Amino acid sequence: MKICIVGTGYVGLVTGACLADFGMEVTCVDKIKKKIDLLCRGEIPIYEPGLEVLVSKNFKDGRLKFTTDLRSAIKENLVIFIAVGTPQGKDGSADLSSVWEVADTIAEVINGYKVIVNKSTVPIGTAKEMKKYIKKKNPKAQFSVVSNPEFLREGSAIGDFMEPDRIVIGVPDKRSEEIMKEVYKPLYHLEIPVLITNVESAELIKYASNAFLASKISFINEIAALCEKVGGDVIDVARGMGLDVRIGPKFLQPGPGYGGSCFPKDTLALLDISNKHKYDFKILKATIEVNEKIKERMVEKIKVALNNKIENKTLGVLGLSFKPETDDIRESISLKIIEYFIDKKINLKVYDPKAMENVKKIFPEIKYCKNPYEVAENSNCLVFVTEWNEFRYLDLKKIHSLMKEKIIVDLRNIYDVKKIKEIGFTYYPVGRIKEKW
Ligand code: NAD
């Protein structure tokens with residue numbers, strides 16, 4: 001099976017490396033030459049655990065190739081996965097310009113039957129629209145457009161791709177269905193559920209899943225806010241809820257709201273789709289609104305911790321990526337915090353195990369530290385924003401001795417309230433009983 005993956009980012013590179021590892025011949029294409037040059041030298045442009053080993057193994061074995069030559073890759077392969085970015089457009093809708101750019105090239109060079117697979121998250125109706133679009137440009141073209149949304153999570157992407165909860169394939173015809181089943185045959189044999197649907201359902205499953213998880217996060221964040229008012233402890237409340245098998249414990253961790261490259265843009269895109277169909281999707285609207293508000297609440301929490309005296313203080317920020325085990329900073333709450341305080345004549349010191357190079361490109365003027373202890377030195381307040389494992393076992397007594405004022409704002413509830421107070425910190429967690437702070 002010969003496969004081409006267009007877009008060598010978090011999804012495309014993982015998909016390419018995993019399919020090559022299944023034994024397929026895979027060509028990964030990207031329009032950024034620097035990225036492809038790096039990959040051809042055996043270097044990985046992103047941080048994703050285990051990816052470097054998988055890429056280099058399959059590259060050396062000759063099953064995985066990298067190129068900028070999309071035209072040849074389309075001609076030489078049967079299945080063309082589109083895994084380019086679909087960022088948020090100005091009006092909240094998904095910006096599909098990269099997707100249509102690829103469709104243009106396919107229409108120009110297509111040479112025999114192809115299966116075009118939308119792995120990018122695209123609005124409902126895109127597969128059908130793409131079929132018409134390519135046919136109009138090239139009436140002789142023979143192809144099917146399939147929807148195969150991706151559910152991997154950055155930080156555990158390889159495991160998620162190799163052993164997903166389910167594979168969703170939206171097909172317009174039997175021919176493409178058989179070819180897609182062949183692509184996923186290794187997983188089929190592992191008894192991973194493969195759900196074959198029409199293309200619209202598959203497109204909607206992706207948005208519905210992300211919106212549902214986002215609403216779970218917004219829900220628990222509302223409960224956390226209520227806990228702070230009524231004297232409940234959100235950790236206990238979330239556990240009490242999550243033990244109910246109908247609810248489940250996942251995505252019930254209170255914090256600074258959802259960020260990252262998917263939930264913010266996908267919830268907005270689904271709302272845009274609903275609006276375009278004149279459907280008032282109330283739960284989705286509330287989910288988005290709650291998530292926006294929570295960022296302001298977190299900034300407010302930091303200001304309160306500093307007694308609203310910000311000028312000339314030093315704020316230490318620990319964790320910059322939108323979640324642990326990735327260098328992805330898209331829609332990371334840390335950026336909002338830095339953006340707010342940078343204008344307030346405050347000194348900012350930051351540390352992240354993997355994401356500092358990406359943040360430097362946006363905020364070159366702040367201080368990037370070698371480790372959490374350097375951040376703590378002379379800081380008035382430390383804010384924990386991303387729950388990297390290495391933050392869980394810090395020498396808190398050392399941190400205490402290094403800080404100017406002993407204030408911790410813990411947006412991820414990493415620490416035990418009692419222990420941290422015993423060391424002598426003033427502690428601001430999220431949604432915990434006030435008397436315990
Ligand atoms: P990304 O930004 O990391 O990668 C996209 C890549 O596509 C970039 O390297 C870019 O240079 C390349 N590209 C853009 N236009 C191109 C073109 N015309 N030809 C060749 N290459 C081109 O994006 P990502 O995070 O991998 O996301 C890709 C898609 O998958 C999005 O639709 C996203 O919503 C979806 N998705 C992402 C995740 C995730 O966790 N990142 C999970 C599931 C689904």
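Please read all numbers here as calculations on a predicted model, not as lab measurements. Counting convention: from 1, in listed order, for ligands and their atoms alike. Values below: every heavy atom of this structure, side chains too, minus hydrogens, waters and symmetry copies.
Every residue two or more places apart in sequence or in another chain that forms a ring pair (Phe, Tyr, Trp, His ring centres under 6.0 Å) with F59 is listed here: F66. Here E52 pairs with nothing under the side-chain hydrogen bond (donor to acceptor under 3.5 Å, both in side chains) rule; sequence neighbours left out.
Cation-pi geometry between K131 and F143 is satisfied (NZ or CZ under 6.0 Å from the ring centre, within 45° of the ring normal).
Under the 4.0 Å criterion applied to side-chain N and carboxylate O atoms, K282 and D280 are assigned as salt-bridge partners. Using a cutoff of 4.0 Å between basic side-chain nitrogens and carboxylate oxygens, E228 and K301 are scored as salt-bridged.
Around ligand 1, the residues contributing at least one heavy atom under 4.0 Å from the ligand are V6, G7, T8, G9, Y10, V11, D30, K31, I32, K35, A83, V84, G85, T86, S98, E101, V102, S120, T121, E150, L152, E154, K206, S261, C262, K265, R330.
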Would you be so kind as to tabulate the donor-acceptor pairs closer than 3.5 Å made by side chains of residues 333-340, with sequence neighbours excluded?
{"residue": "S334", "atom": "OG", "partner": "G319", "partner atom": "O", "Å": "2.7"}
{"residue": "Y340", "atom": "OH", "partner": "K303", "partner atom": "NZ", "Å": "3.0"}

